[in-house]
Novice: 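Structure incoming, see below.
To find a chain, count down the sequence lines: A is the first, B the second, and so on, and within it residues start at 1.
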Number of protein chains: 2
Amino acid sequence: MSKQLPLVPVESLCCSPLMRQPLTEDQSVELARVFKALADPVRLRLLSLIASHAGGEACVCDLTDAFDLTGPTISHHLKVLREAGIIDGERRGTWVYYRVLPTALQTLSTVLMAPDQAEPVTA
Amino acid sequence: MSKQLPLVPVESLCCSPLMRQPLTEDQSVELARVFKALADPVRLRLLSLIASHAGGEACVCDLTDAFDLTGPTISHHLKVLREAGIIDGERRGTWVYYRVLPTALQTLSTVLMAPDQAEPVTA
DNA sequence: CATCTAGGTTGACAGACATCTATCTAGAGC
DNA sequence: GCTCTAGATAGATGTCTGTCAACCTAGATG
């Protein structure tokens with residue numbers, strides 16, 4: 001599994017959070033991609049269920065009952081999160097377990113910080 | 001001006017960032033609303049132009065030239081950001097100046113932090 | 001092998017959304 | 001008042017997206 005697009009490069013944004021310097025077109029497209037993955041209530045709830053689950057991961061079978069949606073819809077949402085680099089999945093026999101990949105969320109958290117909060121990363 | 005929807009309530013999320021505890025349906029809808037406002041490259045670039053502009057605010061006339069889009073499209077995007085509580089506008093004569101309202105972005109930044117980074121707010 | 005469960009993919013469809021044209025509103029200057 | 005510029009709104013249109021039904025794939029079991 002683990003078929004996902006490249007993660008948001010932290011290095012290209014570390015010293016220029018969006019509040020300090022205008023984003024380039026490429027940066028904005030890349031950031032918007034991840035924000036878009038988070039811009040749905042179901043996906044946010046899936047993400048929070050996965051992240052807060054015991055052991056830091058959750059089987060799809062643990063997730064589906066919390067929603068009044070069909071399996072294909074849950075699968076679709078998980079795929080969106082996966083391709084945005086936010087979660088990763090691992091098959092264990094019949095079951096598939098998902099966990100959160102912290103990098104993309106961390107990047108977003110950093111770019112959203114006020115300029116005096118964001119810590120410049122010294123190379 | 002200043003016609004916007006209620007801001008994201010920080011208090012309801014401060015001690016339960018999305019990675020610590022499953023979001024409620026209401027919380028997820030509210031968060032998704034703000035993420036959706038940020039889920040567009042043009043809006044992200046507008047936001048970063050405003051935030052990084054001298055004096056922490058920018059006139060619409062300072063923004064439009066950076067895009068190959070018509071005025072109504074820029075107005076529409078600014079309206080989306082405004083209604084999400086991310087920016088606020090002020091008319092000064094013929095001109096309209098926009099600035100960033102930090103609260104919504106700060107909330108997003110906090111909920112996206114890893115559990116050990118998020119500082120619990122003591123009431 | 002056949003059968004089962006878990007989970008993913010495909011395609012249709014209704015609703016949401018970015019964009020533009022046309023128009024309107026707000027303010028300034030004469 | 002009229003005219004101008006700046007910026008917002010309304011409506012049409014093409015594109016995108018959440019959802020489901022139908023179907024497929026991955027593994028386990030007998």
Novice: Return a single string for nucleotides 25-30 of chain C, one symbol per nucleotide in 5' to 3' order, where B is base contact, S is sugar-phosphate-only contact and - is none, cutoff 4.0 angstrom on heavy atoms.
Specialist: -SSS--
Novice: To the nearest Å, how far apart are B:Glu83 CD and C:dC17 P?
Specialist: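 Distance check: B:Glu83 CD to C:dC17 P gives 12 Å.
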Novice: To the nearest Å, give me how far apart CD (B:Glu90) and C1' (D:dA6) are.
Specialist: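 Computing the B:Glu90:CD to D:dA6:C1' distance gives 16 Å.
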Novice: Answer whether the closest heavy-atom distance between the side chains of A:Leu78 and A:Leu63 falls below 4.5 Å.
Specialist: yes
Novice: Nearest 0.5 Å please: distance from the CD atom of A:Glu30 over to the OG1 atom of A:Thr107.
Specialist: 10.0 Å
Novice: List, by chain and then residue number, the residues other than B:Trp95 in its hydrophobic cluster (Ile/Leu/Val/Met/Phe/Trp/Tyr, side-chain heavy atoms under 4.5 Å); write none if there are no others.
Specialist: B:Tyr97
Novice: Whole-Å distance between D:dG7 C1' and B:Arg82 CZ?
Specialist: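 After rounding, the gap between these two atoms is 10 Å.
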Novice: Not counting sequence neighbours, list each pair that qualifies as a disulfide (SG to SG under 2.5 Å) and has a residue in residues 64-105 of chain A.
Specialist: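 Checked against disulfide (SG to SG under 2.5 Å) - neighbours excluded - no pair reaches residues 64-105 of chain A.
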Novice: Taking only the side-chain nitrogens and oxygens of A:Tyr98, find out if one of them lies under 4.0 Å from OP1 or OP2 of C:dG8.
Specialist: yes
Novice: Please list, chain by chain and in numerical order, all residues satisfying side-chain hydrogen bond (donor to acceptor under 3.5 Å, both in side chains) with B:Ser75, sequence neighbours excluded.
Specialist: none
Novice: Can you pull the side chain to side chain donor-acceptor pair (under 3.5 Å) pairs that have at least one residue in residues 49-67 of chain B, sequence neighbours excluded?
Specialist: B:Glu57-B:Arg92
Novice: Any side-chain heavy atom of B:Leu108 sitting closer than 4.5 Å to one from B:Leu38?
Specialist: yes
Novice: Hey, can you pull the residues of residues 71-78 of chain B with a non-hydrogen atom under 4.0 angstrom from DNA chain D?
Specialist: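 Going residue by residue through residues 71-78 of chain B, the ones with a heavy atom under 4.0 Å of DNA chain D turn out to be B:Pro72, B:Ser75.
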Novice: Starting from P on C:dA16, measure out to NZ on B:Lys79 and report it in whole angstrom.
Specialist: 16 Å
Novice: Tell me the disulfide (SG to SG under 2.5 Å) pairs involving residues 41-90 of chain B, sequence neighbours left out?
Specialist: B:Cys59-B:Cys61
Novice: With a 4.0 Å cut-off on N to O distance, would you call B:Asp88 and B:Arg99 a salt bridge?
Specialist: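 Salt bridge present between B:Asp88 and B:Arg99.
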Novice: Enumerate the residue pairs fulfilling salt bridge (Lys or Arg N to Asp or Glu O under 4.0 Å) with a member in residues 68-78 of chain A, sequence neighbours excluded, ordered by first and then second residue.
Specialist: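 Every pair satisfying salt bridge (Lys or Arg N to Asp or Glu O under 4.0 Å) with a residue in residues 68-78 of chain A: there are none.
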Novice: With a 3.5 Å cut-off and no angle check, do the side chains of B:Thr73 and B:Thr70 form a donor-acceptor pair?
Specialist: yes
Novice: Can you check the B:Leu81 CG to C:dC17 C1' distance for me, whole Å?
Specialist: 14 Å
Novice: Applying salt bridge (Lys or Arg N to Asp or Glu O under 4.0 Å), name anything that partners A:Arg43, two or more places apart in sequence or on another chain.
Specialist: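 Listed in chain order: nothing, the list is empty.
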Novice: For residues 35-47 of chain B, which residues have at least one heavy atom under 4.0 Å from DNA chain C?
Specialist: B:Lys36, B:Asp40, B:Arg43
Novice: Taking only heavy atoms on the protein side, list every residue of residues 53-70 of chain A lying under 4.0 Å from any atom of DNA chain C, sorted numerically.
Specialist: A:Cys59, A:Val60, A:Cys61
Novice: Listed by chain and number, what are the side-chain hydrogen bond (donor to acceptor under 3.5 Å, both in side chains) partners of B:Thr24, not counting sequence neighbours?
Specialist: B:Gln27
